[in-house]
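This is a predicted model, so every value here is computed, not measured.
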Amino acid sequence: MKILVVDDEAQMKPLFEARFRREISSGDVHLTFARSGEEALTVMPGSGVVLILSDINMPGMSGLELLRRIREAHPHRPPAVVMITAYGDQNNRQQASRYGADDFLTKPIDFKLLKEKLTEFVVDDQPSPL
């Protein structure tokens with residue numbers, strides 16, 4: 001499964017790599033990282049990403065704006081998009097739902113729960129047309 005993690009915090013890359021170490025080693029998961037919404041949009045074409053995990057609060061393009069642009073370009077899915085934020089406020093949840101988020105997680109991320117949910121985000125394990 002190809003996953004794109006979009007977060008401006010540099011420590012997220014080693015955290016995800018450590019938490020998915022076994023899945024990466026077995027070839028079940030391939031992680032790609034982008035530090036901004038703008039970078040994510042340049043990484044996505046041709047990537048085969050089936051799941052995007054995006055922070056909401058980032059400088060420049062927010063995760064919500066990234067989600068809106070992804071859904072405009074791919075209204076019939078995939079990729080699945082899960083929004084992540086340190087702030088679990090209702091306004092962000094409502095806006096993420098309106099823009100077509102598949103789920104919403106708060107930081108600190110519960111990686112056990114995230115791993116359990118991974119199969120929900122893959123539609124017949126087909127890669128994204130990106």
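- In this structure, V6 and M12 have side chains that are not in contact, with every pair of non-hydrogen atoms separated by 4.5 Å or more.
- Here OH of Y99 is found 13.0 Å from CD1 of I70. Values are rounded to the nearest 0.5 Å.
- Taking 4.5 Å as the limit, some side-chain heavy atom of I84 sits within range of a side-chain heavy atom of K107.
- A distance of 12.0 Å separates NZ of K2 from CG of L31, quoted to the nearest 0.5 Å.
- Classification of E65 and R68 as a salt-bridged pair holds, one side-chain N sitting under 4.0 Å from a carboxylate O.
- For the pair K117 and D103, the minimum side-chain heavy-atom distance is below 4.5 Å.
- Heavy-atom minimum distance, M83 versus A96: CG-CB, 3.9 Å.
- Looking at every heavy atom in both residues, M61 comes nearest to L41 through CE-CD1, 3.6 Å.
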- Would I109 and L53 count as a side chain to side chain contact (heavy atoms under 4.5 Å, CB included) if you check the C-alpha gap in whole Å, the side-chain angles of each, and the deciding distance to 0.1 Å? CA-CA 11 Å; I109 298 168; L53 302 170; over 6 Å; no

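- The two atoms that bring V49 and S47 nearest to each other are CG2-OG, 2.9 Å, heavy atoms only.
- Considering CG of N92 and OG1 of T85, their distance stands at 5.5 Å, rounded to 0.5 Å.
- Across all their heavy atoms, L4 and A40 have their closest contact at CD2-CB, 4.0 Å.
- With contacts defined as side-chain heavy-atom distances shorter than 4.5 Å, the pair P59/D8 qualifies.
- A donor-acceptor contact shorter than 3.5 Å is absent between the side chain of S25 and the backbone of R22.
- Closest approach of S54 to G63, counting heavy atoms only: OG-CA, 3.7 Å.
- Looking only at side-chain heavy atoms (C-beta outward), L118 and F20 come within less than 4.5 Å of each other.
- Taking OG1 from T106 and CZ from R93, the interatomic distance works out to 6.5 Å, rounded to the nearest 0.5 Å.
- Distance check: I52 CD1 to L67 CG gives 8.5 Å after rounding to the nearest 0.5 Å.
- Side-chain contact check for I3 versus E23: every heavy-atom pair is 4.5 Å or farther apart.
- Without hydrogens or angle criteria, R19 side chain to F111 main chain gives no donor-acceptor distance under 3.5 Å.
- Annotation: side chain of L105 is not in contact with side chain of D110 (no heavy-atom distance under 4.5 Å).
- Summarising the geometry, atom NZ belonging to K13 is positioned 9.5 Å from atom OG1 belonging to T32; distances are rounded to the nearest 0.5 Å.
- Listed here is the closest heavy atom pair of R35 and M58: O-SD, 4.5 Å.
- Looking at V29 and F16, their side chains never come closer than 4.5 Å, going by heavy atoms from C-beta outward.
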